[in-house]
Enquirer: 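So that we are looking at the same thing, I have put the structure below in structure tokens.
Numbered from 1 within each chain, the chains take letters A, B, ... in sequence-line order. The shown structure was predicted, so the numbers you read here are calculated from the model rather than taken from an experiment.
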Amino acid sequence: MTTTVRSLTTQLQLASLDSSPNGATLRLAGDWRLSHVDAAAAALSALPKSSRVVALDGRALTGFDTAGALVVLRYLQELGTDPKSATPQNFAPHHRRILEVVSGQLGNVTGAAQTAQPGFFQTIGRNVVALWDLIVGHVQFFGYTAAGVGALLTHPRRLRLKELAAQFEQVGITAIPVVLLVTFLIGVVFAYLLGVQAEKYGASIFVVDGVAIGMAREFSPLLVAVIIAGRSGAAFTAQLGTMRLTEETDAIRVLGLSPMDVLILPRLFALIVALPLLVFVGDVVSNLGGMLMADQALGIVPATYIDRLHKALRLKDVIVGLVKAPVFAFFIAIIGMRMGMTVSSDTRSIGINTTSTVVQGIVSVILLDALFAVLLQKLGI
Amino acid sequence: MAPGAPATDNEVVLEVDGIVTRFGAQTIHDGVSFRVHRGQLVALIGGSGTGKSVLLREIIGLMRPTAGTVRLLGTDVWKASAGELAAVRRRFGMMFQDGALFSSLDVAHNVAVPLVEHTYLRPEVLWPLVQLRIGLAGLGPETGAKMPSELSGGMRKRAAIARALALEPEMIFLDEPTSGLDPITARAFDKLVRFLVDDLGVTVFLVTHDLDTLLTVVDRVIVLAKGKVLADGPVSEVMQTNDEWVQSYFSVRTQIGGGNETHGT
């Protein structure tokens, strides 16, 4: 007795079963290529599941590729039939070839979706470990750099003046315009904000105290350090990271030079020298901005402003700001260079590390500034 | 011909006609023309600076030639609309020299990119298909979870082949498939390429420097020199071409084969 069951899911009868006492023959028809493979899979799943398939018939196939072959062979697997036990019949030679190739590959196909996303606690745990590793790594790099500075003190001739000058130009001189612009505007805004309040009490002249002390002690170092963390910290990471990817750092080593002397120390010294100078530029320019605003909005002429500036601003306020700057510079440089030297061997990690440098640089500058505020408060300076 | 190839053996799948490429005053190609038939494995060779890679980029629509036409799978690449070009791009695959895998995705997701972007497959069909592609490219199932940066050069190239195979292309372009590989890996790669042609019926067009690839698996060689096609035919014929560059190119091999004559002349 022979019965024919046909799938009715599509107009084209992509798959049908011919049952016989010896087992069923699965007949494939129509287009079994990638573009139609979903319909083919649907046609298969609409077939009755009970039959034992002993043969595959490909006479009516108009198109067949590895995707189609995979779908039909996996269907047989799901039925519990060994795909190799189903004899292919009437396949065109190249269709049969594809069927054999895919049949040989079935062992590699598990069908399991890729690894699951890590859970909530797993993510937290991983991030904590990563943060710890990061801090330990920074401390190690700090030690490594300190050893480099120590070696330089005993052999001062190893200082590479050419690299130092080039770096100083990059991190210092070329940063002047952006520092001018930002600190001038902040001086203007600061004078305006203070002026609005001070005017109510007829104490407009104290705007000078506010701008001068505030900018010199806090805002100029902080703003300039944030600008430099974004500008030079990111540049250090990108430069050193690219050099690592292209094996330039290895070439430096092989040529008998030390990356510490050639790359790291010049950048470190350049930034430590440049940042206080830029902060001083910021101190001056922010007062120019304040002076402009005081003249325009509060009627304090520049001569009066300068006179008050002499009385209000103590040298120690300026020095506090200038002392903070090299400390900020040191942290920005260490973070930027360490993140550059730990770029792994793919281009994506340069982007990741550069982003991370900027975030770490700015956060560390603000943390340090808070630390300074507490310390100086306790010391009464 | 290849036993697995479809019956339409003489169909032209790639027709390059009168390609001229100039960069400023420098002329790279000065009328390059050839055809590639379905089911063939064709290699493009030529000395450094003859513009092989440039020609490949012009064929697949990445770089516009100064003049000339490219008909790829029936579409004029440089006259087609954006939609037509997109349609033809789904029908061929390309393996770049170092794989050009997306470094933010693991191998399985790299292979899945074309399938996810251009088909509407359900995950239970898609992921087995991705694993099949990885297997067909000769990589183990565990490779799928690896990131491109964790792979060796040969594995990266295989992963790139798997991605190029994703959409069941009719044609695959390979840029220097064996460069940077050790001889054993390179010969295994040649076998893989031959398998694509013989068993999957894919037409392969490759740019190569590798003599062993030419002598063992390639059906036809096109020699590019002085901006023109210098020779075009089976390797055995091309070797006989009376040209200094072709002769010195193939003589490296005959010298090694010739044993005693190695130090001759």
Enquirer: If I take atom OG from residue A/Ser344 and atom CD from residue B/Glu150, how far apart are they, to the nearest 0.5 angstrom?
Expert: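 A/Ser344 OG to B/Glu150 CD: 9.5 Å, rounded to 0.5 Å.
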Enquirer: Report, as yes or no, whether the 6.0 Å neighbourhood of atom CZ on A/Arg59 holds more than 12 heavy atoms from other residues, nucleotides or ligands.
Expert: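 No.
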Enquirer: Could you report the tightest heavy-atom contact between B/Val125 and A/Ala41, atom names first, then the distance?
Expert: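 Closest pair (atom of B/Val125, atom of A/Ala41, distance): CG2-CB, 4.5 Å.
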Enquirer: Could you tell me if the side chain of B/Leu115 sits less than 4.5 Å from the side chain of A/Leu34, heavy atoms only?
Expert: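 A side-chain contact under 4.5 Å exists here.
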Enquirer: Side chains of B/Arg133 and A/Thr66: any donor to acceptor distance under 3.5 Å?
Expert: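 Present: a donor and an acceptor within the cut-off.
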Enquirer: Quick check for you: to the nearest 0.5 Å, what is the distance between A/Arg74 atom CZ and B/Leu132 atom CG?
Expert: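 That separation rounds to 10.0 Å.
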Enquirer: Quick one: of B/Ala112, B/Ser149, B/Ser103, who has the most non-hydrogen atom pairs under 4.5 Å with chain A?
Expert: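 Ranked by contacts with chain A, first place is B/Ser103.
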Enquirer: Of all of B/Leu136, B/Leu165, B/Val130, which one pairs up most often with chain A through heavy atoms under 4.5 Å apart?
Expert: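 Sorted descending by pairs with chain A, the first entry is B/Leu136.
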Enquirer: What part of B/Phe195 lies closer than 4.5 angstrom to a heavy atom of chain A: side chain, backbone, both or neither?
Expert: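 Side chain only.
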Enquirer: What closest approach, in Å, do A/Asp38 and B/Leu121 show between heavy atoms, and which atom pair accounts for it?
Expert: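 Closest approach of A/Asp38 to B/Leu121, heavy atoms only: OD2-CA, 3.6 Å.
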Enquirer: Let's go through A/Ile98 and B/Asp199 carefully: what are the C-alpha distance in whole Å and the side-chain angles of both, what is the deciding distance for side-chain contact (heavy atoms from CB on, under 4.5 Å) to 0.1 Å, and is it a yes or a no?
Expert: CA-CA 6 Å; A/Ile98 287 170; B/Asp199 290 356; over 6 Å; no
Enquirer: To the nearest 0.5 angstrom, please state how far the CG atom of B/Leu167 sits from the CZ atom of A/Arg33.
Expert: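 With rounding to 0.5 Å, CG (B/Leu167) is 13.0 Å from CZ (A/Arg33).
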Enquirer: Can you tell me if A/Leu131 has over 12 outside heavy atoms packed within less than 6.0 Å of its CG?
Expert: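 More than 12 heavy atoms, drawn from other residues, nucleotides or ligands, come within 6.0 Å of this atom.
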Enquirer: Taking everything shown except B/Arg187 itself, do over 12 heavy atoms lie less than 6.0 Å from its CZ?
Expert: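 Counting neighbours around CZ of B/Arg187, more than 12 heavy atoms of other residues, nucleotides or ligands fall under 6.0 Å, so yes.
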